[in-house]
Amino acid sequence: MSSSLGTLFRISTWGESHGPGVGVVVDGCPPRIPLTVEDIQHELDRRRPGQSKIVTPRKEDDKAEILSGVLDGLTLGTPIGLFVRNTDQRPSAYTEMQQAYRPSHADYTYDAKYGIRAVSGGGRSSARETIGRVAAGAIARKVLQHTLPAYECLAYVKSIKDIEAKVPDKLTFEHIESNIVRTCDGEAAERMIHLIETVRSEGNSVGGVVECQVRGVPPGLGEPVFDKLEADLAKAMLSLPATKGFEIGSGFSGTLMTGLEHNDEFYMDGSSVRTRTNRSGGIQGGISNGEDIVFRVAFKPTATVLREQKTITNDKQETTLSARGRHDACVLPRAVPMVEAMVHLVLADHFLRQRAQCG
């Protein structure tokens, strides 16, 4: 159950970081949605390791295989099985971790919960688990665009450590993909690249914030009380590896305003209900209001650092550990397509739920 997400558009991911491969089963995808393996591969290529000089050098092509649920370029309405093979496993890099817990990793907590764990690469706690999410997110995006032609989701690196990007008024996908950091500010991108290369040379890591703008979402998506749209988005984002914070709209800065300053006043734009400001981040009362959904996700510095640290062994003995292996000094550039995928999954599920209940 812990590896599944969604109510009507439901996914279940599986596989370990250094096992034969990873994958996902997508259940509830409507039939007759145009879908090719290239649609999925495009997003996996944005997520894969080894794509630039500032990400982990692990060499994985991450080639997607569609095992079921698609025929002649159209979804069948039956479960869609997707598989990506692991080809560059190096379990020898994790020998010391069989006994010594890596600080701030899931090694100790997995042992505490299960009494057993996949040592190599962290098993299910590895970011390779997100391959299934990104592949399924590509399908969810096709479902949304099939009915909502104006739908667009743009995530980008807002900041890395104390370097913050300036966001252009008319943000585009091309802005984001114009640099290897996946930020929207060329000058900030150069400074971010230099910072990542510097901390990596020191055997260290840095974190930052991914911001996301979602356009073309109709009003009415989201369920009152427990399945509020922002609550499901928060759960989806905080389920990603290395996440430590979520805020939507004005977020924590809204606490510094009065009600009159914070309220989004309504007005009519032709036949459409609009708000003059968007401090609500496109969601009010847990339901989308038709404005852009805007939120931010905080990613901690990568837990694996190539420096000696104090830790304990699985038999409770104090020791030190110097991590080995191939790791990102900053997860932010590869986290961008992961954030977008989780948006697609949540919104596709809520779209189908809204259509089922209200027509």
Side-chain angles (χ1 to χ4, degrees), residues 3 5 11 13-19 21-24 26 35-66 80 82-89 121-142 153-158 160 173 176-184 192 196 205 207-212 236-243 297 299-300 302 304 325-346 348:
S3 292
L5 175 77
I11 72 164
T13 68
W14 50 269
E16 286 81 36
S17 176
H18 285 256
V22 293
V24 63
V26 180
L35 180 69
T36 66
V37 72
E38 288 76 20
D39 295 324
I40 298 164
Q41 193 61 52
H42 177 265
E43 295 306 311
L44 290 180
D45 287 345
R46 298 175 67 215
R47 193 224 71 94
R48 70 176 177 83
Q51 61 182 272
S52 76
K53 64 181 180 179
I54 59 172
V55 304
T56 171
R58 179 171 175 172
K59 296 298 183 183
E60 296 281 2
D61 291 334
D62 288 352
K63 293 298 182 184
E65 300 176 36
I66 299 178
I80 300 172
L82 297 168
F83 181 46
V84 171
R85 301 176 190 274
N86 293 331
T87 60
D88 191 16
Q89 307 99 313
R124 289 288 288 167
S125 67
S126 166
R128 280 198 71 72
E129 179 272 334
T130 62
I131 285 175
R133 305 174 188 229
V134 172
I139 299 173
R141 179 186 180 191
K142 296 286 288 188
C153 175
L154 296 175
Y156 46 92
V157 174
K158 174 70 171 175
I160 292 180
F173 180 77
I176 299 163
E177 292 295 318
S178 66
N179 59 83
I180 58 177
V181 187
R182 292 200 170 92
T183 188
C184 49
M192 290 174 179
I196 294 170
S205 64
V209 175
V210 170
E211 189 168 71
C212 187
M237 298 307 148
L238 293 177
S239 74
L240 287 168
T243 52
V297 188
F299 287 83
K300 68 176 182 176
T302 314
T304 300
R326 299 150 297 169
H327 306 280
D328 293 278
C330 179
V331 302
L332 276 293
R334 295 176 61 212
V336 166
M338 300 177 197
V339 168
E340 292 177 353
M342 299 310 291
V343 171
H344 303 325
L345 292 170
V346 170

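- Between Ile139 atom CD1 and Ile66 atom CD1 the span is 6.5 Å, to the nearest 0.5 Å.
- One side chain, Ser239 or Arg133, offers a donor N or O that lies under 3.5 Å from an acceptor on the other.
- Ring orientation note: the planes of His42 and Phe173 are tilted relative to one another, at an angle of 30° to 60°.
- Looking only at side-chain heavy atoms (C-beta outward), Val339 and Met237 come within less than 4.5 Å of each other.
- Gly21 and Trp14 get closest at one heavy-atom pair: O-CZ3, 4.2 Å.
- Between Arg124 and Glu16 no salt bridge is recorded (no basic side-chain N to carboxylate O distance below 4.0 Å).
- Going from atom CG of Leu44 over to atom CD1 of Ile131 covers 6.5 Å, rounded to the nearest 0.5 Å.
- Here the side chain of Asn179 pairs a donor or acceptor atom with the backbone of Val181 at under 3.5 angstrom.
- Of the listed residues (Arg85, Arg47, Arg48), just one forms a salt bridge (charged side-chain N to carboxylate O under 4.0 Å, His left out) with Asp62, and that residue is Arg47.
- If you take OG1 on Thr13 and CZ on Arg128, they are separated by 13.0 Å, rounding to the nearest 0.5 Å.
- Between Ala135 and Val24 the shortest heavy-atom distance is CB-CG1, 4.4 Å.
- Val336 pairs in a side chain to side chain contact (heavy atoms under 4.5 Å, CB included) with only one of the listed residues (Glu340, Met338, Arg334), which is Glu340.
- Contact record, Val297 with Thr243: CG1-CG2, 3.6 Å, taken as the closest heavy-atom pair.
- Distance check, rounded to the nearest 0.5 Å: CD1 of Ile176 to OG1 of Thr183 gives 8.5 Å.
- The backbone N or O of Thr302 lies less than 3.5 Å from a partner atom in the side chain of Ser205, making a donor-acceptor pair.
- Under the side chain to side chain contact (heavy atoms under 4.5 Å, CB included) test applied with Ile54, the options Ile180, Leu332, Asp328 reduce to a single match, Ile180.
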